[in-house]
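Values reported hereafter were calculated over all heavy atoms of this structure, with side chains retained and with hydrogens, waters and symmetry mates removed. Letters A, B, ... are given to chains in the order of the sequence lines, protein chains preceding strands, and every chain is numbered from 1. What you see is a predicted model, and the numbers here were worked out from it, not measured in a lab.
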2 protein chains.
Amino acid sequence: MKRSSIKDIAKLAGVSVATVSYVLNRKEGQRISEETRKKIFKIAETINYTPNKIAKSLKTNKTKLLGLIVADISNDFYSHIARNLEDKALKLGYTLIIGSSDENAEKFKKLTELFSQQQVDGMIVAPVSGSENTLENLINIKYPIVTIDRYLKGVAVPGITINNQEIAESTAGLLLNKDFDKIIYIGYETELPHLLDRQHGFEKAVGSSGKTVEMHYLLVGLENITREVHSQLKSMLGNAPENTALYFSSNKLAVAGLSYIVKNNISVPEQVSVVAFDETDAYNLFPTEITYIQQPIEEMAEEAIKLLDTQIHDYTATGKRVTLSAKLVSRASLKNNQL
Amino acid sequence: MKRSSIKDIAKLAGVSVATVSYVLNRKEGQRISEETRKKIFKIAETINYTPNKIAKSLKTNKTKLLGLIVADISNDFYSHIARNLEDKALKLGYTLIIGSSDENAEKFKKLTELFSQQQVDGMIVAPVSGSENTLENLINIKYPIVTIDRYLKGVAVPGITINNQEIAESTAGLLLNKDFDKIIYIGYETELPHLLDRQHGFEKAVGSSGKTVEMHYLLVGLENITREVHSQLKSMLGNAPENTALYFSSNKLAVAGLSYIVKNNISVPEQVSVVAFDETDAYNLFPTEITYIQQPIEEMAEEAIKLLDTQIHDYTATGKRVTLSAKLVSRASLKNNQL
DNA sequence: CTGAAAGCGCTTACAG
DNA sequence: CTGAAAGCGCTTACAG
């Protein structure tokens, strides 16, 4: 594979590489005569010139590359985040490098190192438990970083979050007002603040209601989440539950839980009402339309890129956080959902 | 953001940059005295040195970056492909840049240009209709390319495919042998060879059986696939279908179709048997376990990376194609599925 | 209106 | 065992 360079064009046009560079970068319209401009463009086209951004990057210290670290790109939520980020990034001339951390702090660190070596202009990350130090080191050297979805306690880095606690609290309130005989909460056992926020919001509503709710916590990143959820539901619901509400704090948990419901012919919302955090196409295959909490993914992506771009051009470690609002999409899986 | 360079280390260690480079790259174990080696490593660590791969790339003409172009990264199938490619690539020291073409030849071309400017060492692409020229130009300059999932007619480029025609034919044969009163095929109206292969395989089996099958074709990349499939099924199935079989040629079509079935309380497989190409988590929420054709995604990713790596190290435009086998996962949605 | 030259951070033959 | 030097393909003050 042989690539042509600015030098080749210069030689063919009988001008200096400087001139070629000026023309190709469309700088200072008046600088170069229209004649040479035309000649240069034509030659560039005929020899099929593509600029070497690597060389440019070395000189300008900008790569126009952005690193994205998610927990797992094959997860619905993150692949949609990635897709939206890709679009927004492209608009500002950035290209995305994507890596999956697998909820592993060591792998997370490796990815940041990799990205840093590739000289990405900035990173958008969904940090994992135990990656506080990694993030802090990046902040210390003023590497432009923005968190998305998640954040870490005590680490002052700009980022995008949603109103986790608030939306969980109001949703819980909705459930508590509907006089269910039993409310079951299926969430994660985790240190991740954004998940704890959701949990605390839920608990707060429960506390002030004076009612009891069965809370169940599963480990984040569990191998066989489905089996785990099934066995939990089996002991809690049995085969003939009545007037019960089920709250899932992620779409993965919801899919696992709904598959149990389907397999056991439990009817929704007659026997069990269901509310879930986050959406997924899978809901469409469930007999009842699922009530879920919808995150503003496109907006999150837009704000994340905007915030990162700002950091790149003018680094100020303010730890500015943007909070967006998730909303409850009320559908048939929640009884009397018009109330 | 201030980064330290090899020069900083050289100065601190009182040696030349050449020496530092040799040590850090662990070349020729004997060359440098153990003493200086240790000193250099220590200094590198204390000043937190990260190599600038951009500079290295400029010199070595290798970036260790791979470009991946899929139709849409938020699509289940492609996000899983991407995830597996990411893992395999990392093992060989490559990092993935990902872009979505949206089935748009112009966007596909733009992405290849972008990747080429970023000097990716090679590309893994799922080409779109109309991108023959783009691919050919890349091949002409001997850019290492591997196709995955799809391929294009008349373009000799190495790639990974599955036995599309064969698996579609044998699956169709299975359906035709089960004396359904009606068999309905829902596929795509497309020029994409891999999809045509599937269609032709299906048609071949139908032809040799002497039976009739209702074939329906939808445009690839349709905006509202769900509505379209619903309206098709409404006219073909009505509300009380009997002894009917439904074949979907992608997971997206299947999800659309199954949501119709769910909403209309049609029972599977009692009234309608269902077979789909490709899988998705969503199947878990459907009351009956879905019979589907499973592609060997991990193996496809492994072979793609291997093939591309080979091309990168020794370019020979042989157009070598690797064909892997998809297999039918037989479950309850197909009546008498033990036969 | 245009060119010569330095320099971005590395690698690597070559010389000693 | 180690260093001086060229060069990868660009950009950009500076000089004319």
Would you tabulate the pairs of protein nitrogen or oxygen atoms and nucleotide nitrogen or oxygen atoms of nucleotides 3-6 of chain D closer than 3.5 angstrom?
residue	atom	partner	partner atom	Å
dG3(D)	OP2	S16(B)	N	3.0
dG3(D)	OP2	S16(B)	OG	3.3
dG3(D)	OP2	T19(B)	OG1	2.6
dG3(D)	O6	R31(B)	NH2	2.6

Listed partners of D102(A) passing salt bridge (Lys or Arg N to Asp or Glu O under 4.0 Å), at least two apart: K107(A), R83(B)

Which residues share a side-chain contact (heavy atoms from CB on, under 4.5 Å) with E113(A), sequence neighbours left out: K109(A)

Nucleic acid contacts of residues 43-53 of chain B, taken as heavy-atom distances under 4.0 Å to DNA chain D: none

Rounded interatomic separation in angstrom, taking CG from L24(A) and P from dC10(D): 9 Å

Paired stretches of DNA chain C - 3 or more consecutive Watson-Crick or G-U pairs, each distance under 3.5 Å: C:1-3 with D:14-16, C:5-12 with D:5-12, C:14-16 with D:1-3

Atom-pair distance (NZ on K56(A); P on dG9(D)), nearest Å: 17 Å

Candidate nucleotides dT12(C), dC10(D), dG9(C), ranked by approach to the side chain of A55(B) - the nearest: dG9(C)

Between dC8(C) (C1') and Q119(A) (CD): distance, integer Å: 11 Å

Partners meeting salt bridge (Lys or Arg N to Asp or Glu O under 4.0 Å) with E298(A) (sequence neighbours left out): K88(A)

d(CG, N25(A); C1', dC10(D)) in whole Å: 9 Å

Value in whole Å for how far the P atom of dG9(D) lies from CD of Q118(B): 17 Å

Contact under 4.0 Å: S21(B) side-chain N or O vs dT12(C) OP1/OP2: no

Heavy-atom check, side chain of F77(B) versus side chain of V70(B), under 4.5 Å: no

For atom CD1 of I6(B) and atom C1' of dC8(D), their distance in whole Å: 15 Å

Those residues that, when tested against K306(B), pass salt bridge (Lys or Arg N to Asp or Glu O under 4.0 Å) (two or more places apart): E303(B)

Rounded distance in Å - NZ (K11(A)) to P (dC10(D)): 13 Å

Sugar-phosphate, base or nothing in reach of S57(A), heavy atoms under 4.0 Å: nothing

Enumerate donor-acceptor pairs with a distance under 3.5 Å from any side-chain N or O in residues 43-53 of chain A to protein atoms, sequence neighbours excluded.
residue	atom	partner	partner atom	Å
T46(A)	OG1	K42(A)	O	3.4
T46(A)	OG1	I43(A)	O	3.0
N52(A)	OD1	I54(A)	N	2.8
N52(A)	OD1	A55(A)	N	3.1
K53(A)	NZ	Q117(B)	OE1	3.4

Counterpart residues, side-chain contact (heavy atoms from CB on, under 4.5 Å), relative to A304(B) (two or more places apart): L85(B), V146(B), I148(B), I160(B)

Exercise: identify the closest heavy-atom pair between A71(B) and R150(B): CB-NH2, 3.9 Å

Rounded distance (Å) that lies between atom P of dT11(C) and atom NZ of K62(B): 15 Å

Report, one line per pair, each donor and acceptor closer than 3.5 Å where one atom sits in a side chain of residues 123-135 of chain A; sequence neighbours left out.
residue	atom	partner	partner atom	Å
S131(A)	OG	V128(A)	N	3.2
S131(A)	OG	V128(A)	O	2.5
E132(A)	OE1	G130(A)	N	3.3

Distance below 4.0 Å between T60(B) side-chain N/O and dC10(C) OP1 or OP2: no

Set of residues satisfying side-chain contact (heavy atoms from CB on, under 4.5 Å) with respect to H80(A), sequence neighbours excluded: D76(A), I297(A), S74(B)

Donor on one side chain, acceptor on other, S57(A) and Q119(A), under 3.5 Å: no

Listed partners of D121(A) passing side-chain contact (heavy atoms from CB on, under 4.5 Å), at least two apart: K62(A), T63(A), K64(A), L66(A), Y94(A), I312(A)

